[in-house]
K.L.:
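Quick one: the structure is below, questions incoming.
Please read all numbers here as calculations on a predicted model, not as lab measurements. Proteins come first, then strands; the chains are lettered A, B, ... in the order of their sequence lines, and each starts at number 1.
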2 protein chains.
Amino acid sequence: MSDPTDFNLSCPIPIQQYPHVLMAHGGGGKLMHQLISQMFLPTFDVPTSLQHDAAVLELTPSNRSPKLAFTTDSYVVKPLFFPGGDIGALAVYGTVNDLAMAGARPLYLSASFILEEGLPMSTLWQIIQSMRSAAQIANVQIVTGDTKVVDKGKGDGIFINTAGVGIVECDRIISSQSVRSGDAILLSGDIGRHGIAIMAVREGLGFETTIQSDAAPLADLVLELLAAEIEIHMLRDLTRGGLASALNEIALAAGMSIEIDENLIPVREDVQGACEILGFDPIYIANEGRFIAFVPQTQAEKALEIMRSHNASDDSNSCACQIGRATDNNTMKGLVTMVSRIGVTRIIDMLSGEQLPRIC
Amino acid sequence: MSDPTDFNLSCPIPIQQYPHVLMAHGGGGKLMHQLISQMFLPTFDVPTSLQHDAAVLELTPSNRSPKLAFTTDSYVVKPLFFPGGDIGALAVYGTVNDLAMAGARPLYLSASFILEEGLPMSTLWQIIQSMRSAAQIANVQIVTGDTKVVDKGKGDGIFINTAGVGIVECDRIISSQSVRSGDAILLSGDIGRHGIAIMAVREGLGFETTIQSDAAPLADLVLELLAAEIEIHMLRDLTRGGLASALNEIALAAGMSIEIDENLIPVREDVQGACEILGFDPIYIANEGRFIAFVPQTQAEKALEIMRSHNASDDSNSCACQIGRATDNNTMKGLVTMVSRIGVTRIIDMLSGEQLPRIC
C-alpha cells in the first residue's frame, strides 16, 4: 500500500469521478448512500443486521441480559437557532429518535462539542441549557462528554455529537428485512416543516406565518405502539433526504416494492406554498420529528389511533395516516412509486445531489 | 429568560471575563476544567460517580445484568497524519482507552465524521482504513456511524467522533474517590512522545530522530492487571494536559495529596531534548498510549511486572515504574508536589493556558 496510486485504486468510490468530498456526500441522498454503503460499511465489516439508525447489540452471550441499542449523530445545523428549535435540542432529539427507531427506550446520551475559537460564551450557555431541557423532555440522561476547540476559521461556531444507548423493548427485529408484502406504511404527521423552517431563516425568507421546525422526541410514541402490541416491522425517522429517500432505502434493503399516494401525505399549506416558491418537493425535505412505521395492514387503524391520540406538544400527530403499502411486485422490486395528485404514477428516486445542506 | 442579560448572568463562566471560547477551553488545563466542572456537569446533572473518562452505567435495576461503560471523544488533531499514527487510529485508540480506564472491556464503537467539502477522497479512504486496522488491533467492532459535510472553510478536512461501549470487568469502583493514602502511583511508560511528535511535524522541526507518537490501545494491559487481581483504585490515561493535569484532577477529586519524583519519570532523551528546545515540560505534554494506575503499595511490584512484560508493539512498557504515591497529608490536600531533578520540592499545577492546541 506504499504506492498511493495502488492504494487509491482500492477505494470503492471512483476517485477519478469524485476526487474530493462534495456537500452532497452529506446530503442524505444517492452520494451519501454510496459513501456509506460502499466505503464505510464494508471497511468496518458492519453486518447487515446492524445497519439501522441504531445498532442493536448483544452485550453478553447469555440471553438473560438485555439487548442494547447504540447510535451516534453529529450535528452541524446552520443557523444554530431556528423557529422551533436549535442545534442543542436537535442533538438530543435526533439521537433519541434513532434509538426509538430500533424499538429501544433511550437511556443515556453522550455530548461532545467541537467549538470554534471565538464562539460567544453566551451562545454555548444557551445551547447547553436547551440540551438540558430537551434531555428532560425526552427522559434521557447526559452522562459523558468531551470538548474540543479548533482555531477560528476552522470550524463554524459549534458542532455537537451525541451518541446514545438504550434498551431494546421489542422481541421482534425491527429492520427493513422484516418488512412483509402487504404491510401498511404509516406516517406519524405532516412533513417538510424542519427543512423549510431552516431554509426560511437561512435565506431570510419572510413567509406570512413563521414555519416552526417539527423537531421532537419520538421515543414515547414508539414505546406506546410497542406496549399496545402493534407488530412493528420497520421504523424510520424522516431526516436528511426526507420521506422519499427513507422509502427508497427501505425498498432497496427489503427487496420490496413500495407504493404511496401523494394525496394521502399531509403537508401544511404554508409548507406546500414555501416548497412551491423554492422549487422543492416536500417528500425530499428533512424532518426531525416524523417517522414512518411498517405494520401489518390489519393493525394499521389501531396504530394510527395511538399515533393521533399521542400527547405531543402540538396537534401535529393528529394527521398521522397511512400513505401506502409494501408489495412484492417483482417488476418494481427495490423501487418506490407514487400516485401523484393528478393521478399519474411515477417512480420516486432517492434524493440526488444536494438540496438543503447542513439541515441537522 | 427572555432578557439576554439576565440569562447571561446565570452562566457559571463569568461572561465578562470570558466573553468568547478560547483555544485554552479545549487545552486540557484549568480553563477546560472550569468549563466542564462549572458549566457542563451541573447543567446536565451528571452525578460525581459518573464523572470519569467513561461513565459506568446500570442498564437494568437487576444486578444480574452487566455494568456498561460509555464514553465519547471528538478528534480534531492537526496534522491528520503524524509519525506513529493518524486521526483515524487516534479516534479508535482514544475511545478504547477511555473505556479501559473504567476497567471495561471495549466492545463496540460508533464513528461519526464531519467532513469539510473538498477533502480529498483518498485522504478519507486512508483514514478509514487506518480506523479499520486500529479497531482490529484493539479488538473492537465499529457498529454505527454518521456522516456530515460542512462547506469549505467551515471545518478543517475531517473531524471524527467516536463513542464506545464496553462491559465493566471489575467489581470494585475505579475512581478518584477510591484512591487511598499510601497508594502507589504507577506510570505505564515514557511520557511526552505524542505531543512532541505532533509538534515536530506541525512546526517542521527536524530532530535527529523522528519521534513517534505513543498512540496505542491500553485495554489489554488493563484487563491483564485486573485478571491478575491487582486491586486498582484509579486509572487515568495521560492525554491533554499530560501527567501533571491528570494528577491534579485526581488529587482534587480524591481530596488527597500526591507526591511524585521527577527522577523516576521516564522521558526519552530525544523527547527531553525537544522539550528543552521548545520550552516545554514533559509532564504537561499529551500522550495517547500512557496511563497511571493507583494501586496499594503492596501490589506495586506485581503490577509493574505485568506492565513491563506486556506484549506491546515496542519496548515502551519496559520502563513502567512507580513515580510517587498518594498521601493524606492535610496541609497539601488536593495538591500535587514533585521533587525535581535537583532535589527541590515544588507544587505542580494543572496546565494553565494553552500549550499544544489540537493534539488529539
K.L.:
Going by the side chain to side chain contact (heavy atoms under 4.5 Å, CB included) test, name the single residue among A:I158, A:T123, A:V149 that passes it with B:V21.
P.N.:
A:V149
K.L.:
Picking from A:G153, A:G118, A:G166, which has the most non-hydrogen pairs under 4.5 angstrom with chain B?
P.N.:
A:G118
K.L.:
Under 4.5 Å heavy-atom distance to chain B, tell me which part of A:P19 shows up: side chain, backbone, both or neither.
P.N.:
backbone
K.L.:
For A:Q126, is it the side chain, the backbone, both or neither that has a heavy atom under 4.5 Å from a heavy atom of chain B?
P.N.:
both
K.L.:
Closest approach of A:F44 and B:I128, non-hydrogen atoms and distance?
P.N.:
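Heavy atoms of A:F44 and B:I128 come nearest at CE2-O, 3.6 Å.
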K.L.:
Side chain from CB out, backbone as N, CA, C, O: work out which of these in A:E117 comes under 4.5 Å of a heavy atom of chain B, or both, or neither.
P.N.:
both
K.L.:
Could you look at A:P42 and say if it's the side chain, the backbone, both or neither that has a heavy atom under 4.5 Å from chain B?
P.N.:
backbone
K.L.:
May I ask you to name which of A:A135, A:G27, A:S112 has the most heavy-atom pairs under 4.5 Å with chain B?
P.N.:
A:S112
K.L.:
Apply side chain to side chain donor-acceptor pair (under 3.5 Å) to the pair B:T43 and A:W125, showing each step before the final yes or no.
P.N.:
CA-CA 9 Å; B:T43 295; A:W125 178 233; over 6 Å; no
K.L.:
When only pairs under 4.5 Å are counted, which of A:D53, A:L107, A:D98, A:L68 shares the most heavy-atom pairs with chain B?
P.N.:
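Most pairs with chain B among the choices: A:L68.
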K.L.:
Can you measure from SG (A:C11) to CD (B:Q129) and round to the nearest 0.5 angstrom?
P.N.:
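That separation rounds to 8.5 Å.
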K.L.:
Can you tell me which portion of A:L115 sits under 4.5 Å from chain B's heavy atoms? Options are side chain, backbone, both or neither.
P.N.:
side chain
K.L.:
Evaluate the side-chain proximity of B:H25 to A:M121: yes if any heavy-atom separation is below 4.5 Å, no if none is.
P.N.:
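The answer is yes; the side chains approach within 4.5 Å.
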K.L.:
Please classify the contact between A:I114 and chain B as side chain, backbone, both or neither, with a heavy-atom cut-off of under 4.5 Å.
P.N.:
side chain
K.L.:
B:T144 versus A:L50: any side-chain heavy-atom pair under 4.5 Å?
P.N.:
no
K.L.:
For A:L119, is it the side chain, the backbone, both, or neither that has a heavy atom closer than 4.5 Å to a heavy atom of chain B?
P.N.:
both
K.L.:
Is it the side chain or the backbone of A:M32 that comes within 4.5 Å of chain B heavy atoms, both, or neither?
P.N.:
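The answer is the side chain of A:M32.
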K.L.:
Check B:D151 with A:R358, please: is the shortest side-chain N to carboxylate O separation under 4.0 Å?
P.N.:
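Looking at B:D151 together with A:R358, the answer is yes, because their closest N to O distance falls below 4.0 Å.
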K.L.:
Could you state the interatomic distance from CE (A:M131) to CZ (B:F40), rounded to the nearest 0.5 Å?
P.N.:
8.5 Å
K.L.:
Counting only heavy atoms from other residues, nucleotides and ligands, does the tally under 6.0 Å from CG of B:D45 exceed 12?
P.N.:
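Yes, CG of B:D45 has more than 12 neighbouring heavy atoms, counting only those of other groups under 6.0 Å.
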K.L.:
In terms of relative ring orientation, are B:F159 and A:F159 parallel, tilted or perpendicular, with 30° and 60° separating the classes?
P.N.:
tilted
K.L.:
Assess the residue pair A:K78 and B:K154 against the criterion (side-chain contact (heavy atoms from CB on, under 4.5 Å)); give the C-alpha distance rounded to whole Å, side-chain angles, the decisive distance to 0.1 Å, and a yes or no.
P.N.:
CA-CA 11 Å; A:K78 193 178 181 176; B:K154 300 294 181 188; 3.8 Å; yes
K.L.:
Look up atom OG in B:S74 and atom CG in A:N161, then write down how far apart they are to the nearest 0.5 Å.
P.N.:
5.5 Å
K.L.:
Return the minimal non-hydrogen interatomic distance between B:Q141 and A:P47, and the atom names on each side.
P.N.:
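In terms of heavy atoms, the two residues are closest at NE2-CD, 3.5 Å.
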K.L.:
Using a 4.5 angstrom heavy-atom cutoff, name the option from A:A54, A:G28, A:P120 with the most pairs to chain B.
P.N.:
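Between A:A54, A:G28, A:P120, the count favours A:P120.
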K.L.:
Relative to chain B, which of A:L41, A:I13, A:D73 shows the most heavy atom pairs under 4.5 Å?
P.N.:
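Ranked by contacts with chain B, first place is A:D73.
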K.L.:
Just wondering, are more than 12 heavy atoms of other shown residues or ligands nearer than 6.0 Å to CD1 in A:I173?
P.N.:
no
